[in-house]
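Start at 1 with the first residue, then count along the sequence.
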Amino acid sequence: MASKNQTNRLTKQQKKTKGVLGIFGKEAKNHDLAVGEIAQITLEKLKEKYPKLIFRYRDSISKAEINKALSEVDADRSNAVCF
């Protein structure tokens, strides 16, 4: 039943934002910029707080890379899939 509710919610959202226009529209682009700015600020704060650790910023990362890293940290997650 939960997936039906999610389907209905996503359908309503897509109709409201006019589909692709909502994904690539001005608001979406502004959101992406804001998230990127916050990520950079967070990265700098982490570098300050933990100077002995190495941090890096990546514009994107694949699901396969995430799953590989998780399985290297926690063997129980070797079969987990991130969505």
Side-chain angles (χ1 to χ4, degrees):
M1 191 69 171
S3 72
K4 182 65 174 169
N5 289 337
Q6 182 177 7
T7 300
N8 290 338
R9 181 185 58 79
L10 292 172
T11 300
K12 185 177 177 180
Q13 179 181 342
Q14 287 296 316
K15 288 179 180 178
K16 182 179 176 183
T17 60
K18 298 179 177 58
V20 174
L21 295 177
I23 296 170
F24 299 107
K26 186 176 180 178
E27 285 184 29
K29 289 178 184 177
N30 287 339
H31 176 266
D32 286 348
L33 290 173
V35 169
E37 290 173 4
I38 296 299
Q40 292 288 357
I41 292 167
T42 302
L43 182 64
E44 291 306 314
K45 296 289 183 186
L46 286 169
K47 286 179 180 179
E48 290 172 14
K49 188 170 183 173
Y50 304 101
K52 293 182 180 180
L53 298 178
I54 298 170
F55 296 92
R56 65 181 175 154
Y57 178 83
R58 294 178 54 173
D59 290 327
S60 65
I61 185 168
S62 70
K63 289 179 188 177
E65 288 177 276
I66 294 168
N67 288 331
K68 182 177 180 225
L70 287 173
S71 67
E72 289 172 0
V73 173
D74 184 354
D76 291 339
R77 292 187 177 264
S78 61
N79 294 324
V81 178
C82 293
F83 293 99

Checklist entry - More than 12 heavy atoms of other residues, nucleotides or ligands under 6.0 Å from CZ of Phe55: is that the case? => result yes
Next on the checklist: Give me the atom names and distance for the closest heavy-atom approach of Gly36 to Tyr57.
Outcome noted: CA-OH, 4.0 Å
Checklist entry - Would Leu53 and Leu46 show up in the same hydrophobic cluster when neighbours are defined by side-chain heavy atoms closer than 4.5 Å? => result yes
Checklist entry - If we only count heavy atoms from C-beta on, is the Arg9 to Gln6 side-chain gap below 4.5 Å? => result yes
Item to check | Value rounded to 0.5 Å, distance of CG in Leu43 from CD in Glu48 | outcome: 10.0 Å
Item to check | Side-chain heavy-atom pair Asn8, Lys12 within 4.5 angstrom cut-off | outcome: no
Checklist entry - Between OG of Ser60 and CD of Glu65, what distance do you get to the nearest 0.5 Å? => result 7.5 Å
